[in-house]
Each structure stands twice: as C-alpha cells, then as structure tokens.
Asker: 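Encoded as structure tokens, here's the structure I'll be asking about.
Note that the structure is predicted; figures quoted are calculated from it, not measured. The figures here come from the full heavy-atom set of this structure, side chains too, leaving out hydrogens, waters and symmetry mates.
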Amino acid sequence: MSDFRIYNFSAGPSMLPLPVLEKAASEMTNCQGSGMSVMEMSHRSKVYDGIIKDTQERLRRVMNIPDNYKVLFLQGGATLQFSAIPLNLMKTGKADYAVTGHFAKSAAKEAKKFGTVSIAATTEETGFDHIPAQSELQLNADADYFYICANNTIYGTEWHYDPETPAGVPVVADMSSNILSKPIDVTKYGVIMAGAQKNMGPAGLTVVIVREDLLGNYRENMPQILDWKLMADKDSMPNTPPTYAIYILGLVLEWIESIGGLTEMQKMNEKKANLLYDYLDSTDFYKSVARPDSRSNMNVTFRTGNEELDAKFVKESIADGMTNLKGHRSVGGMRASIYNAMPLEGVEHLIAFMKKFEQENK
Ligand SMILES: *Cc1c(COP(=O)(O)O)cnc(C)c1O
C-alpha cells in the first residue's frame, strides 16, 4: 500500500513527478547536511540561499528567460495577481482584456476596480469553447497592457499563438495551467504569471516574470507586498517567501532538465493529448467540449451528453484507480487534467477505461 499511486487527474493542486517526491522525501529530515528539513530552515540561511538562487537560475535556463526580465517568487495565488497586475501596470488607467473563461473574467472584474477595462474579445456566448483569432481582437493603441489567460483550466481551451499588440502595449499572460508545458518565447510577453499548483509545484507559490522596464509604476498608498519593484529589489524576500514550495519548484525544474527540457516536455504532452483527443474524435459516445482549433493540451474536457451517465463514469473511474475526473461545476461532464507529471500510462489507462465504459453503456 505504501507505494500505491493513483492516476490523479486533478486540475490543481495536481500530480507531481514521482522522482521529485522521492527526492523531497530523501531530504525531508536532513537537507544537504544541515540536519533539518527545508521547512525548518531560515530563509536567510546559507543552504536556503543556495536553494532559492538555484531555483531561479534553473527557471531562467529552462524557460530561456532573457536578462532584462525579473523573476519573482510571491504568495497569494494567481488570484492576488489579478489585483497586482493593474496596480503595477496601469499608468494611464486603461487596459484591454480577452475574456476566454472563468479566470480571465475574474481578472477583468478585479482590474475594473482600478481603471477602465475594455473587453478585447469574449467567447462567453458560445460557452467559452474557443480562443478568439488575432483578427477578432479589438486592441487599443493607448492601453497600458493587453491581458490574456493562456490556458483556460475549466473549459479546456488554450491559446496556440502569441497575440500581437499595437506598438508599446505589453501582453500580460496568466499561464497558471500551462507554464512549463512547452517552450514559449518570453520576449512576446511583458508579464507572465502563474500559480504554482498546476504544473510547477505545491500551492502557496506564485511566479511572476516581468520585463524590467514595466517596473516602477506601482500605485502609492497600496499594500507594499503587491509592489513588484519592491519584490524585485529585495530578491522576493522583503519578508518570508514560501520556502518549501520554492524548493519543490527547484526539484521539478531539475526533473524537466533531466528529461530534456521544454522541447521534450512538449513532445510528451502533445503525445498524451493527441491520444486522448484522437480517441474522443473516433467515437460518438463522448463529445469533446472545446472547439478543435482551441483545445488545451493540459485540460481535456468531454461529456457523454447525459448527466446521469457522466456521474456513473466518474464513480466507476474511481474504482478503476483514477481520481478527479469530474468536470468543473460550471461546465459539467468530465475533465482530465494531464499536466507534465501525468505519465503516458495514466492517459492510456483512462482511454482503456473509456472504451470499456462505452461498450457497457451505449
Ligand atoms: C487555478 C487558476 C487560477 C487561480 O489560482 P489561485 O492560485 O488559486 O489563485 C487562476 N488562473 C488560472 C488559469 C488557473 O488555472
């Protein structure tokens, strides 16, 4: 029982790679000869200083982050960044938002507290089933930034292109649920932010990658902890950072490097997603929720079209060694989150179960 591992399709917090958990376990009571766990260590200690610096260097290497970008390790989740983004970037008080799902909508709503938000595109009328094309984006040349949610965790859609904006308008992207899943050209973005608990590590850590020239516009009389420039100047440590979560991110990055970096990661993720989508397309029993051109490689949403059958599917999948396949309450049906740490065998196991379930219930 002790080595039992379930195929966990949770949207987040989600699976971590087994080698990461094993290494963390081996260092649990004595990390690097310190005689203590990372959780018990001062964030100002020499050992921890090595850990946080190494984690930042690895992230820069793995994501190919240019030197003119700062990497910040913050708390408060992606949700707190919905507030921090306008507070740090609204110089003139205007921003454009693409509303492609629940989290993008929440981010736009929050930004409205601080300035004028203009909706560059929304896909709500069709149930957030797709990503707008570049030609459909209504972008203002005088906006302080253009905001997107790069992967819509709940609806299972993903931007498969880097949007172009009028000169001088930076793109801000919430990559909480697809960061580290594929190589991205960081220079196409002014700010990239992500809660760690989908594809980077445990909950409690939020990563912000911000181009240096965008720092320094933080609003006065606002909580100091939301000021990216302060965080950058203090190496993310004006106070205690989420030390253990940063350490685990370091181990996750070490694992990604060991398998060949993000190019290799992308190949593995595409293989898993294609296997599942090809199967969904081959049968009428299940319907894929997202429009084919906008499908996410991280969150695969599908349903049978019959709510009782969906519930039966979820129930029986648990007995078959899988968990968290129930779709988000706002979409219904099923959702398989197949982040980096989900092995190919997990997806094969799911498809075998889906075939059997189809045979028994059609
Ligand atoms: C999970 C998620 C969020 C919310 O993250 P918290 O860390 O819980 O605040 C925001 N955006 C996306 C895309 C997500 O997947």
Side-chain angles (χ1 to χ4, degrees), residues 12-13 43-44 52 55-56 59-60 63 65 68-99 101-118 143-150 153 169-177 179 186 189-246 249:
H43 57 295
R44 312 269 179 211
I52 193 169
T55 302
Q56 174 165 168
L59 186 64
R60 287 185 172 278
M63 286 186 71
I65 300 172
N68 64 326
Y69 284 74
K70 294 287 188 192
V71 172
L72 311 178
F73 295 134
L74 311 177
Q75 304 193 50
T79 305
L80 190 56
Q81 294 308 312
F82 295 168
S83 325
I85 288 163
L87 285 170
N88 281 276
L89 297 179
M90 275 189 174
K91 268 192 285 190
T92 68
K94 287 187 287 258
D96 293 345
Y97 277 70
V99 176
H102 169 82
F103 293 114
K105 200 174 167 183
S106 301
K109 192 174 166 206
E110 185 68 10
K112 275 185 198 149
K113 293 180 185 169
F114 307 107
T116 307
V117 167
S118 131
D144 292 324
Y145 60 92
F146 170 48
Y147 182 99
I148 69 165
C149 180
T153 322
V169 179
V171 180
V172 175
D174 174 1
M175 295 196 183
S176 294
S177 51
I179 195 162
V186 175
Y189 298 86
V191 179
I192 291 168
M193 69 92 164
Q197 70 274 20
K198 283 38 184 287
N199 216 14
M200 300 186 114
L205 167 66
T206 308
V207 173
V208 169
I209 300 164
V210 51
R211 215 175 60 213
E212 272 167 1
D213 61 281
L214 297 171
L215 295 171
N217 302 303
Y218 187 69
R219 300 232 178 146
E220 278 173 37
N221 304 324
M222 289 291 157
Q224 58 161 352
I225 213 75
L226 294 180
D227 181 357
W228 291 339
K229 180 154 192 314
L230 172 79
M231 284 296 180
D233 290 346
K234 302 276 184 190
D235 291 326
S236 305
M237 277 208 234
N239 67 333
T240 318
T243 52
Y244 198 75
I246 293 168
L249 169 60

Asker: Is there side-chain contact between Q224 and P238, with at least one heavy-atom pair below 4.5 Å?
Answerer: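 No, every pair of side-chain atoms sits at 4.5 Å or beyond.
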
Asker: Can you tell me if N199 uses its side chain to pair, donor with acceptor, with the backbone of S177 under 3.5 Å?
Answerer: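 Checking the backbone N and O of S177 against the side chain of N199, no donor-acceptor pair under 3.5 Å is found.
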
Asker: Can you tell if the side chain of Y218 reaches within under 4.5 Å of the side chain of L230, non-hydrogen atoms only?
Answerer: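 Y218 vs L230: side chains apart.
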
Asker: Looking only at atom types and distance, does a side-chain atom of S176 sit under 3.5 Å from a main-chain N or O of G195, one as donor and one as acceptor?
Answerer: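 Looks like yes, one N/O pair under 3.5 Å.
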
Asker: Could you report the tightest heavy-atom contact between V169 and A143, atom names first, then the distance?
Answerer: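 Looking at all heavy atoms of both residues, the closest pair is CG2-O, 3.6 Å.
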
Asker: I'd like to check I85 versus L87 (side-chain heavy atoms, cut-off strictly below 4.5 Å). Are they in contact?
Answerer: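 No, too far: nothing below the 4.5 Å cut-off.
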
Asker: The test is side-chain contact (heavy atoms from CB on, under 4.5 Å); show your working for D174 and I148 and say whether it passes.
Answerer: CA-CA 6 Å; D174 174 1; I148 69 165; over 6 Å; no

Asker: I'd like to know whether R211 forms a side-chain contact (heavy atoms from CB on, under 4.5 Å) with Y189, so could you lay out the CA-CA distance, the side-chain angles of the two residues, the decisive distance to 0.1 Å, and finally the verdict.
Answerer: CA-CA 8 Å; R211 215 175 60 213; Y189 298 86; over 6 Å; no

Asker: Output the distance between atom CD1 (I246) and atom CE (M237), rounded to the nearest 0.5 Å.
Answerer: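 Rounded to the nearest 0.5 Å, the CD1-CE separation comes to 7.0 Å.
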
Asker: For K112, what residues pass the salt bridge (charged side-chain N to carboxylate O under 4.0 Å, His left out) criterion, not counting sequence neighbours?
Answerer: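 Expected list: none.
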
Asker: Measure the CG-CE distance between L249 and M200 for me, rounded to the nearest 0.5 Å.
Answerer: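 One gets 5.0 Å once the value is rounded to the nearest 0.5 Å.
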
Asker: Got V171 and Y145 here, is their nearest side-chain heavy-atom distance under 4.5 Å?
Answerer: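 No, side chains not in contact.
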
Asker: Using a 3.5 Å distance criterion without hydrogens, assess whether the side chain of Y69 forms a donor-acceptor pair with backbone atoms of V186.
Answerer: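 Yes, Y69 side chain to V186 backbone: donor-acceptor pair under 3.5 Å.
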
Asker: Can you name the closest pair of heavy atoms from P86 and A111 and give their distance?
Answerer: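 Closest heavy-atom pair between P86 and A111: CG-CA, 3.8 Å.
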
Asker: Taking R219 for the side chain and L89 for the main chain, is one N or O donor matched with an acceptor at less than 3.5 Å?
Answerer: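 A pair under 3.5 Å: no.
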
Asker: I'd like to know if the side chain of D96 and the backbone of V117 have a donor-acceptor N/O pair within less than 3.5 Å.
Answerer: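 Judged by distance alone, no pair lies under 3.5 Å.
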
Asker: Output yes when K229 and D227 qualify as a salt bridge under the 4.0 Å nitrogen-oxygen rule, no when they do not.
Answerer: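 Salt bridge absent between K229 and D227.
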
Asker: Distance check, rounded to the nearest 0.5 Å: S83 atom OG versus K113 atom NZ?
Answerer: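 Spacing of OG (S83) from NZ (K113) equals 6.0 Å.
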
Asker: Rounded to the nearest 0.5 Å, what's the gap from CG on L80 to CG on L74? Could you check?
Answerer: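 Going from CG on L80 over to CG on L74, the span is 8.5 Å.
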
Asker: So, for A98 and A104, which heavy atoms are closest and what is the spacing to 0.1 Å?
Answerer: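 Scanning both residues completely, I find the closest heavy atoms to be O-CB, 3.5 Å.
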
Asker: Classify the angle between the aromatic ring planes of F82 and F103 as parallel (below 30°), tilted (30 to 60°) or perpendicular (above 60°).
Answerer: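 Correct class here is tilted.
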
Asker: Show your reasoning for whether side-chain contact (heavy atoms from CB on, under 4.5 Å) applies to Y244 and L205.
Answerer: CA-CA 9 Å; Y244 198 75; L205 167 66; over 6 Å; no

Asker: D144 side chain to K94 main-chain N or O, any donor-acceptor pair under 3.5 Å?
Answerer: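 A pair under 3.5 Å: yes.
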
Asker: With rounding to the nearest 0.5 Å, note down the distance linking CE in M63 to CD1 in I192.
Answerer: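 Result: 4.5 Å between the selected atoms.
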
Asker: Set out, in order, the CA-CA distance, both residues' side-chain angles and the distance that settles side-chain contact (heavy atoms from CB on, under 4.5 Å) for V208 and Q81, then state yes or no.
Answerer: CA-CA 9 Å; V208 169; Q81 294 308 312; 3.6 Å; yes

Asker: Might you point out which heavy atoms bring A78 and M193 nearest each other, and give the distance in Å?
Answerer: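 Closest approach of A78 to M193: O-CE, 3.6 Å.
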
Asker: To the closest 0.5 Å, what do you measure between CE (M231) and CG (L215)?
Answerer: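 CG of L215 is found 12.5 Å from CE of M231.
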
Asker: If you take all heavy atoms of V99 and A108, which pair is closest and at what distance?
Answerer: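 Minimum heavy-atom separation between V99 and A108: CG2-CB, 4.4 Å.
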
Asker: Compare all side-chain heavy atoms of F73 with those of I52 and state whether any distance is below 4.5 angstrom.
Answerer: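 The answer is yes; the side chains approach within 4.5 Å.
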
Asker: Minimum heavy-atom separation for R60 to V71, with atom names?
Answerer: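 What the structure gives for the nearest pair is NH2-N, 3.7 Å.
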
Asker: Are N88 and L214 side-chain neighbours, meaning at least one heavy-atom pair lies under 4.5 Å?
Answerer: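 Answer no - side chains too far apart.
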
